[in-house]
Novice: 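Dropping a structure here in structure tokens format, bear with me for questions.
Below, chains carry the letters A, B, ... as their sequence lines are ordered, and counting in each starts from 1.
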Amino acid sequence: MKDTLLTLLQQALTQLQQEGMLPEDFQPQLVLERTRDPAHGDFASNLAMLSAKVAKRNPREVAQAIVQALPAHPQVTKVEIAGPGFINFFISDSALTEVVGRILQQGAAFGRSDLGAGQKMQVEFVSANPTGPLHVGHGRGAAYGASVAALLDAVGFDIEREYYVNDAGRQMNILAASLWLRYLQACGETLVFPSNAYKGDYVQTYAQSLHARVGDQYRHASAAVFKEIPADEPQGGDKEAHIDALIARAQTLLGAEAYQEIFNLGLNAILQDIQQDLSEFRVTYENWFSELSLSTSGAIQTALDKLTSGGHTYQAEGALWFRSTAFGDDKDRCLVRDNGISTYFASDVAYLDHKLQRGFAKVLYVFGADHHGYIPRLQAACQALGHDLARLDFRLVQFAILYRGQERVQMSTRSGSFVTLRELRDDVGTDAARYYYVMRKADQHMDFDLELAKSQSKDNPVYYIQYAHARVCSVLRKLEASERLSALDTQQGLAHLTALESEYEKNLFSALNHYPEVLTRAAFAYEPHQIANYLQELASDFHTYYNAVKVLDEDAQVRNARLCLSLAVRQVLANGLSLIGVEAPEEM
RNA sequence: GCGCCCAUAGCUCAACCGGACAGAGCAACGGCCUUCUAAGCCGUGGGUUGCAGGUUCGAGUCCUGCUGGGCGCGCCA
């Protein structure tokens with residue numbers, strides 16, 4: 001319908017240009033908007049206002065001319081000029097109601113499209129270090145990334161979801177050392193746990209199960225472990241030096257093989273936990289990409305060679321640098337340290353190169369807001385590697401600031417004081433958590449009061465939407481149980497939709513017509529919150545309708561028409577909810 | 001100090017490419033269950049869109065400068 005109207009407008013525009021009212025070279029972007037107010041019709045165009053200046057007439061005069069030049073169309077019942085010069089289009093009832101039949105026929109496919117034309121696209125999100133369980137901060141990125149991926153899939157992109165596993169580097173060694181020290185405690189050794197080690201309970205849990213399995217096999221006397229180790233911070237030393245020395249000591253005492261086993265034990269246990277956690281949160285991935293694999297496969301070296309042969313690196317102070325400032329970054333970035341070890345950023349460059357070589361038309365990074373500083377350097381690397389910058393997209397997810405009532409909850413993985421995603425799910429449920437996370441724009445700061453989410457979970461808007469869905473199911477059950485009312489006759493219902501003329505029903509037809517556009521817009525803007533808002537409005541329209549009008553009317557034609565409309569609403573609610581990972585219950 | 005993000009009703013937030021009277025929910029107040037689920041509906045009150053300029057037919061939206069908040073600025077990961 002929208003396309004039809006745009007064509008009509010273009011024809012009118014062309015005619016006015018031929019008549020000389022508008023210059024031949026005037027090519028405004030034709031805009032057709034859904035109106036907010038039904039009094040303004042179904043669609044509105046601002047073409048006359050845009051043209052007023054070049055036409056040297058006032059907007060309403062131009063609008064008059066456009067309307068006169070507009071070809072007639074059977075489904076356009078009225079065209080009005082309103083306000084400062086809007087052209088309002090009124091669409092025929094049959095054009096609005098036919099959507100119901102389309103929805104019932106297409107089912108779960110309604111709203112989906114092939115605008116993405118099957119192009120390969122990657123969405124990388126969460127990618128939290130596997131050094132501990134996911135916390136509520138990761139939850140927002142998980143819910144957002146999964147929803148964006150679902151949206152892009154729905155508009156026809158070939159989506160690959162990926163989690164970048166930071167399984168290399170110092171943090172993982174700190175985890176391994178933490179695990180070993182906890183294991184030693186489980187063996188009965190007495191020691192002071194380092195201030196900079198991972199203190200979470202989960203480390204002790206893994207350590208105890210390790211001890212239960214292997215006994216004292218990896219045990220060393222506490223005195224030997226801490227012999228000549230530099231002092232920890234509480235003792236006036238340097239906590240970083242302290243933990244690094246303990247890592248080195250673990251490697252020496254255990255030997256490479258045993259150290260690796262403990263390292264892998266920690267990594268695998270946590271990774272498995274994260275995978276299960278996300279899966280229960282209805283967040284799944286096609287790929288779990290190992291950072292470690294980049295160095296073992298030689299990808300890092302290859303990427304560095306590419307940068308160097310392109311003339312984008314230089315040696316300074318014994319280290320290898322990337323001249324990212326040549327591409328607008330604040331400062332150049334170190335790739336290989338003076339001790340010969342490549343930096344985390346070198347892995348990032350190799351990973352980026354690897355991604356872009358995998359044939360994705362577009363690669364989307366979903367970052368926590370604290371990573372915004374990475375964008376310029378990754379964009380610099382993208383260009384230096386010879387890739388098209390347009391293939392790279394970034395979205396930042398602001399933190400959810402946690403409160404327990406009035407008190408702000410401080411979050412720190414290292415200290416072990418955080419609210420886990422799992423706790424949140426147990427508290428408020430997956431549906432409410434998924435919905436709550438994406439109902440706000442991702443770049444908007446969000447306050448998340450745990451007490452409120454828990455104590456007032458019944459007031460969570462997600463139930464409002466689910467309830468609308470359940471209500472339709474309930475009406476159907478009622479019909480089936482009825483001995484007096486005839487069974488649903490879809491054909492008859494569809495044939496009498498235009499008999500539904502209340503404001504409530506018109507609002508619903510209109511809302512249902514919007515859905516495909518909302519989905520498209522939300523997908524290309526990476527904004528799942530638009531789906532959440534739309535569903536809230538659709539549910540609201542339905543609840544209003546439900547309270548005002550009896551669906552199970554005595555008149556079979558009216559009843560079947562209303563049932564068809566209700567079924568269409570239910571279908572669209574279910575389609576939208578599935579995009580944001582929320583279930584559509586049949587009863588509540 | 002430099003950079004990125006943000007500021008809308010008492011609170012949490014919407015507002016499609018710059019459009020019509022800035023909208024919801026919560027909180028407050030008043031109504032609606034012998035009738036398809038009251039996790040619902042209807043009604044009332046609530047605003048100088050942080051401040052000051054600018055761009056234009058038109059600005060919450062774009063530009064500049066301020067104020068206030070978040071985050072980032074390692075040969076850490």
Side-chain angles (χ1 to χ4, degrees), chain A residues 29 31 33-37 39-40 44 46 48-50 52-53 58-59 82-86 88 129 131 166 168-174 240 291 316-321 330-331 333-339 341-345 347 368-376 396 398-399 401 439-441 443-449 452 456-468 470-479 481-482 485 514 517-518 520-522 525 527 529-530 532-533 536-537 539-540 542-553 559 562 566 587-588:
Chain A
Q29 181 159 19
V31 174
E33 274 193 329
R34 292 278 181 184
T35 56
R36 268 173 242 222
D37 185 345
H40 298 143
N46 63 353
M49 276 124 61
L50 292 176
K53 196 166 195 179
N58 79 50
F86 286 103
N88 292 335
N129 283 349
T131 53
N166 295 115
R170 181 160 168 268
Q171 292 305 323
M172 288 309 299
N173 283 316
I174 294 177
E240 307 291 348
E291 177 189 357
E317 299 167 55
L320 182 70
W321 295 77
D330 285 349
K331 54 185 74 169
R333 305 292 166 180
C334 183
L335 293 164
V336 181
R337 285 174 266 193
D338 56 10
N339 63 8
I341 299 173
S342 63
T343 60
Y344 182 84
F345 178 60
S347 298
D370 56 336
H371 279 62
H372 64 77
Y374 288 62
I375 296 174
L396 297 175
Q398 290 289 340
F399 294 122
I401 303 166
M439 69 188 285
R440 309 301 186 201
K441 220 168 13 189
D443 60 5
Q444 183 70 251
H445 297 278
M446 184 174 89
D447 283 359
F448 202 132
D449 187 335
L452 211 65
Q456 300 196 345
S457 63
K458 286 231 184 345
D459 291 332
N460 193 305
V462 71
Y463 297 112
Y464 181 84
I465 298 167
Q466 291 182 315
Y467 184 44
R471 270 186 152 170
V472 178
C473 298
S474 173
V475 171
L476 285 178
R477 282 193 298 271
K478 204 80 180 179
L479 177 69
S482 168
L485 301 176
H514 283 70
E517 293 160 28
V518 172
T520 302
R521 198 168 60 229
E527 291 186 345
H529 79 277
Q530 292 194 34
N533 289 339
Q536 158 76 35
E537 283 166 26
S540 171
F542 183 75
H543 284 310
T544 299
Y545 173 56
Y546 182 92
N547 274 275
V549 172
K550 182 130 175 152
V551 175
L552 297 180
D553 194 85
R559 180 172 70 244
R562 286 180 179 162
S566 301
E587 54 187 325
M588 294 174 71

Novice: Over all strands shown, is A:Lys478 touching base, sugar-phosphate only, or nothing at heavy-atom distances under 4.0 angstrom?
Specialist: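 The answer is sugar-phosphate, as A:Lys478 gets under 4.0 Å only of primed atoms, P, OP1 or OP2.
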
Novice: Going by ring centres under 5.5 Å and near-parallel planes (under 30°), is A:Tyr464 stacked on B:rA39?
Specialist: no

Novice: Would you indicate which nucleotide in B:rC36, B:rG74, B:rC57 comes nearest to any side-chain atom of A:Lys331?
Specialist: B:rG74

Novice: Rounded to whole angstrom units, what separation is found between the CD atom of A:Gln536 and the P atom of B:rG40?
Specialist: 10 Å

Novice: Measuring from A:Glu517:CD to A:Glu33:CD, what's the distance to the nearest 0.5 Å?
Specialist: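 One finds 11.0 Å between CD of A:Glu517 and CD of A:Glu33.
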
Novice: Side chain of A:Arg440: nearest nucleotide among B:rA20, B:rC13, B:rC36?
Specialist: B:rC13

Novice: Could you give the distance separating B:rA39 and B:rG25 at their C1' atoms, to the nearest angstrom?
Specialist: 14 Å

Novice: Among B:rC75, B:rC36, B:rA20, which nucleotide has an atom closest to any side-chain atom of A:Val551?
Specialist: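 That would be B:rC36.
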
Novice: In this structure, how many angstroms lie between the P atom of B:rC41 and the CD atom of A:Glu537, rounded?
Specialist: 14 Å

Novice: I need the minimum non-hydrogen distance between A:Tyr545 and A:Arg562, along with the two atoms involved.
Specialist: OH-CG, 3.0 Å

Novice: Find the partner of B:rG40: check Watson-Crick (N1-N3 plus N6-O4 or O6-N4) and G-U wobble (N1-O2, O6-N3) distances, both under 3.5 Å, and reply none if neither fits.
Specialist: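 Because both required distances fall under 3.5 Å, B:rG40 counts as paired with B:rC32.
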
Novice: For nucleotides B:rA14 and B:rC62, find the distance between their P atoms and express it as a whole number of Å.
Specialist: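 Those two atoms are separated by 15 Å.
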
Novice: To the nearest 0.5 Å, what is the distance between NE2 (A:His529) and CD (A:Gln536)?
Specialist: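 Here the rounded value is 13.0 Å.
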
Novice: In whole angstroms, how far is the C1' atom of B:rG19 from the CZ atom of A:Arg36?
Specialist: 8 Å

Novice: Could you measure between the two P atoms, the one in B:rU49 and the one in B:rC33, and give it in whole Å?
Specialist: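 It works out to 41 Å between them.
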
Novice: Using OP1 and OP2 only, check whether a side-chain N or O of A:Thr544 sits under 4.0 Å from B:rG40.
Specialist: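 For A:Thr544, the contact criterion (side-chain N or O under 4.0 Å from OP1 or OP2 of B:rG40) is not met.
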
Novice: Checking all strands, does A:Arg471 fall into the base, sugar-phosphate, or nothing category for heavy-atom contacts under 4.0 angstrom?
Specialist: sugar-phosphate

Novice: Apply side-chain contact (heavy atoms from CB on, under 4.5 Å) to A:Leu479 and A:Arg559, showing your working.
Specialist: CA-CA 10 Å; A:Leu479 177 69; A:Arg559 180 172 70 244; 4.2 Å; yes

Novice: Please work out if A:Arg170 contacts a base, only the sugar-phosphate, or nothing of the nucleic acid, heavy-atom cut-off 4.0 Å.
Specialist: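 Result for A:Arg170 = sugar-phosphate.
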
Novice: Heavy-atom nearest nucleotide on RNA chain B for A:Asn46 versus A:Val475: which residue maps closer to 5'?
Specialist: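 The residue whose closest nucleotide sits nearer the 5' end is A:Asn46.
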
Novice: For B:rA59 and B:rG19, measure between their C1' atoms and round to the nearest Å.
Specialist: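 Looking at atom C1' only, B:rA59 and B:rG19 are 10 Å apart.
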
Novice: Using 0.5 Å steps for rounding, measure from the CZ atom of A:Arg471 to the CG atom of A:Leu476.
Specialist: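 One finds 14.0 Å between CZ of A:Arg471 and CG of A:Leu476.
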
Novice: Applying a 4.0 Å non-hydrogen cut-off, can you work out what A:Val549 is touching in the nucleic acid: base, sugar-phosphate, or nothing?
Specialist: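 Base, at least one base heavy atom under 4.0 Å.
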
Novice: Output the rounded distance in Å from CG (A:Asn339) to P (B:rC75).
Specialist: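 Rounded to whole Å, this separation is 12 Å.
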
Novice: Among B:rC75, B:rA20, B:rC41, which nucleotide has an atom closest to any side-chain atom of A:His543?
Specialist: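 The listed nucleotide nearest to A:His543's side chain is B:rC41.
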
Novice: B:rC75, B:rA14, B:rA20: which one has an atom nearest the side-chain heavy atoms of A:Ala319?
Specialist: B:rC75

Novice: Using a 4.0 Å heavy-atom cut-off, does A:Asn88 contact any base of the nucleic acid, only the sugar-phosphate backbone, or nothing at all?
Specialist: base

Novice: Please classify B:rC73 as syn or anti, treating any glycosidic angle within 90° of 0 as syn.
Specialist: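 This nucleotide is in anti.
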
Novice: What integer distance in Å separates A:Ile174:CD1 from B:rC76:P?
Specialist: 13 Å

Novice: Look up atom CZ in A:Arg170 and atom OH in A:Tyr344, then write down how far apart they are to the nearest 0.5 Å.
Specialist: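 OH of A:Tyr344 is found 14.5 Å from CZ of A:Arg170.
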
Novice: Measure the CG-CG distance between A:Leu320 and A:Leu335 for me, rounded to the nearest 0.5 Å.
Specialist: 5.0 Å

Novice: side-chain contact (heavy atoms from CB on, under 4.5 Å) between A:Arg337 and A:Thr343: does it pass, once the steps are laid out?
Specialist: CA-CA 7 Å; A:Arg337 285 174 266 193; A:Thr343 60; 4.1 Å; yes

Novice: For A:Met439 and for A:Met588, locate the closest nucleotide of RNA chain B by heavy-atom distance; then report the residue assigned to the nucleotide nearer the 5' terminus.
Specialist: A:Met439

Novice: Indicate, with a heavy-atom threshold strictly under 4.0 Å, whether A:Ala82 touches base, sugar-phosphate, or nothing.
Specialist: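 A:Ala82: base contact, heavy atoms under 4.0 Å.
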
Novice: Let's see if you can work this out: which of B:rC16, B:rA39, B:rU35 has an atom nearest to the side-chain heavy atoms of A:Tyr463?
Specialist: B:rA39

Novice: May I ask you to say what A:Asp338 touches in the nucleic acid, namely base, sugar-phosphate or nothing, with a heavy-atom cut-off under 4.0 Å?
Specialist: base

Novice: Between B:rA20 atom C1' and A:Phe86 atom CZ, what is the distance in whole Å?
Specialist: 5 Å

Novice: Suppose you measure atom P in B:rG65 against the same atom in B:rC4; what distance do you get, rounded to whole Å?
Specialist: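 Each nucleotide's P atom is 11 Å from the other's.
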
Novice: To the side chain of A:His529, which of B:rA15, B:rG40, B:rC71 is closest?
Specialist: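 The answer is B:rA15.
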
Novice: In whole Å, I'd like the distance from the CG atom of A:Asn533 to the P atom of B:rG25.
Specialist: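 It is 12 Å, rounded to the nearest whole Å.
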
Novice: Would you give the length of the straight line joining atom CH2 of A:Trp321 to atom CZ of A:Phe345, rounded to the nearest 0.5 angstrom?
Specialist: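 Rounded to the nearest 0.5 Å, the CH2-CZ separation comes out at 11.5 Å.
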
Novice: Measuring from the side chain of A:Arg337 (C-beta onward, heavy atoms only), which nucleotide among B:rG72, B:rC76, B:rC17 has the closest atom?
Specialist: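 Nearest to the side chain of A:Arg337 among the choices is B:rC76.
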
Novice: Once you apply the 3.5 Å cut-off to both distances, tell me the Watson-Crick or G-U wobble partner of B:rG25, or none.
Specialist: B:rC11

Novice: Would A:His371 pass as stacked on B:rG72, i.e. its ring centre under 5.5 Å from the base's six-membered ring centre and planes under 30° apart?
Specialist: no

Novice: With syn defined as a glycosidic angle within 90° of 0 and anti as the rest, where does B:rC51 land?
Specialist: anti

Novice: Applying a 4.0 Å non-hydrogen cut-off, can you work out what A:Asp37 is touching in the nucleic acid: base, sugar-phosphate, or nothing?
Specialist: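 Counting heavy atoms under 4.0 Å across all strands, the contact made by A:Asp37 includes a base.
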
Novice: Please give the distance between the P atoms of B:rU12 and B:rG69 as a whole number of Å.
Specialist: 16 Å

Novice: Across the strands shown, which category fits A:Arg333 at heavy-atom distances under 4.0 angstrom: base, sugar-phosphate, nothing?
Specialist: nothing

Novice: Would you measure the distance from the P atom in B:rA24 across to the matching atom in B:rC41 and give it in whole Å?
Specialist: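 Comparing P positions in B:rA24 and B:rC41 gives a spacing of 13 Å.
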
Novice: Is a donor on one side and an acceptor on the other found under 3.5 Å between the side chain of A:His40 and the backbone of A:Ala82?
Specialist: no

Novice: Considering only atom C1', compute the distance from B:rA52 to B:rC57 and round it to an integer number of Å.
Specialist: 24 Å

Novice: Considering only nitrogen or oxygen atoms on both sides, find all protein atoms under 3.5 Å from nucleotides 1-8 of chain B and state each distance.
Specialist:
residue, atom, partner, partner atom, Å
B:rG3, N2, A:His372, NE2, 3.0
B:rC5, O2', A:Gln398, NE2, 3.1

Novice: Once you apply a heavy-atom cut-off of 4.0 Å, does A:Ala44 come out as touching a base, just sugar-phosphate, or nothing?
Specialist: base

Novice: Base, sugar-phosphate, or nothing for A:Glu517, non-hydrogen atoms under 4.0 angstrom?
Specialist: nothing

Novice: Take the protein atom CG of A:Asn166 and the nucleotide atom P of B:rC76, then report the distance between them rounded to whole Å.
Specialist: 16 Å

Novice: Determine, step by step, whether A:Thr131 and A:Gln171 satisfy the side chain to side chain donor-acceptor pair (under 3.5 Å) criterion, reporting the C-alpha distance in whole Å, the side-chain angles of both residues, the deciding distance to 0.1 Å, and the verdict.
Specialist: CA-CA 7 Å; A:Thr131 53; A:Gln171 292 305 323; 5.9 Å; no

